[in-house]
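What follows is a set of notes on a single structure, which appears directly below.
A note on names: the letters A, B, ... follow the listed sequences, proteins ahead of strands, and every chain is numbered from 1.
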Amino acid sequence: MDAIYLTFIFALSVFLGFELIAKVPATLHTPLMSGSNAISGITVVGAIVAANHGSDSTAIWLGTFAVFLATINVVGGYMVTDRMLGMFKKKQ
Amino acid sequence: MNLPLLINLAYVASAILFILGLKKLSSPATARNGNLLSALGMLIAIIATLASELKLPWGNIVGALILGSLVGAVAAKRVQMTGMPELVALFNGLGGAASLLVGWSALYPAVGVDGLALAQGISTFTSITIVLSILIGGITLTGSMVAYGKLSEKLSSGAIQFPRQQIVNAAIVVAILFSAFMLCLTPSHDSFWLCAILILSLVFGVMIVIPIGGADMPVVIALLNSYSGLAACAAGFVLNNNLLIVAGSLVGTSGIILTNIMCKAMNRSLSNVLFSGFAAAKEST
């Protein structure tokens, strides 16, 4: 049942993702790429769970390292996007 | 109210913030707000997850969160404007690496509250998603590293080709499929096939990016960004986490659309960008 339920959510979000972005001016291509890259850092949530659920100390360290890497992606991603968009506004 | 309900409500809120954020990011007037909304969504998601895992090894995780934030913040503050695309590529690679590690760690048996291993085996569905999360994560990691190297001119920015490249790539794909099949038959953290998949996915990430030339790199980064979303999505299936699936597939599919839009802006098709290196090699022979 779990797998079916997750697949259901997956299918709906796939269609939503395809529809979400229709027309993007060329100047926003890089910020949009960078902003959605920061969202893909959501794997930090999975990493926190993984760092907790391992019995083996190796699994805990894998999870902890994953938290570290994903946090760089999240924090750096959002900040660099904000800087890009900030410059973009000044130029106008 | 019970904790799981609150956490799921928080996940719904952050999913909505991600969707609004992406929507606003695609129009110039609202883009900066959109980015802040999606950052808020991420903050809510992280806090909710920390609250749901109250018995977690706090020292490890909080340390990793603080250290990661510092590294990310310093890198984002220090980078020159011209260096931003390659920094995004680097961040993207780290996100892929995190998904790889999450998939990998899921192969170790989970422990119950009493500290005893929960003995049930890994289902076929879960082992397929573990393999996908390792595979896509690994490809994203090395692919993004090569893209970073090319953009920052640490590597030669031109297309790199060698004889029989396509045959080598086809052999790698076959080897990946075979190892994935073998690992799914007997999923285990000390399996030889786990090592095989780890190495092959890392090698394959390099192989798909090296034949692409400098001017096409932004398109490749957009595509790799989409892969890192799909890797997060696969990790969501591994951990039964609906927020990872929603956010991951949103990034995965909107990334593909964005890649397509960027190709169109250059008057080219995606396959033209991805395989033009090979076509050039054929013409020159």
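- Proximity to chain A (any heavy atom under 4.5 Å) is shown, for Ala31(B), by both the backbone and the side chain.
- Residue Val44(A) touches chain B through its side chain alone, counting heavy-atom pairs closer than 4.5 Å.
- Within the 4.5 angstrom heavy-atom criterion, atoms from both the backbone and the side chain of Thr7(A) approach chain B.
- A donor atom on one side chain and an acceptor atom on the other are found under 3.5 Å apart for Ser36(A) and Asn225(B).
- Asp82(A) places no side-chain N or O within donor-acceptor distance of the main-chain N or O of Arg32(B), the cut-off being under 3.5 Å.
- Within the 4.5 Å cutoff, the side chain of Met84(A) has no heavy atoms near those of the Met81(B) side chain.
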request  = Take Ser69(B) and Thr71(A) through the side chain to side chain donor-acceptor pair (under 3.5 Å) test and state the conclusion after the steps.
outcome  = CA-CA 6 Å; Ser69(B) 306; Thr71(A) 313; 5.5 Å; no
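- For chain B, the nearby part of Val74(A) is the side chain; its heavy atoms alone come within less than 4.5 Å.
- Remark: the backbone N or O of Ser38(B) is paired with a side-chain donor or acceptor of Tyr78(A) at under 3.5 angstrom.
- In this structure, no portion of Tyr227(B) lies under 4.5 Å from any heavy atom of chain A.
- For Leu32(A), the parts lying under 4.5 angstrom from a heavy atom of chain B are both the backbone and the side chain.
- Here the shortest heavy-atom pairing between Ala76(B) and Gly76(A) reads CB-O, 3.7 Å.
- When heavy atoms are compared at a cutoff of 4.5 Å, Ala26(A) does not approach chain B at all.
- Asn73(A) CG to Ser144(B) OG: the interatomic distance, rounded to the nearest 0.5 Å, is 9.5 Å.
- A distance of 7.0 Å separates CG of Leu230(B) from CZ of Phe10(A), quoted to the nearest 0.5 Å.
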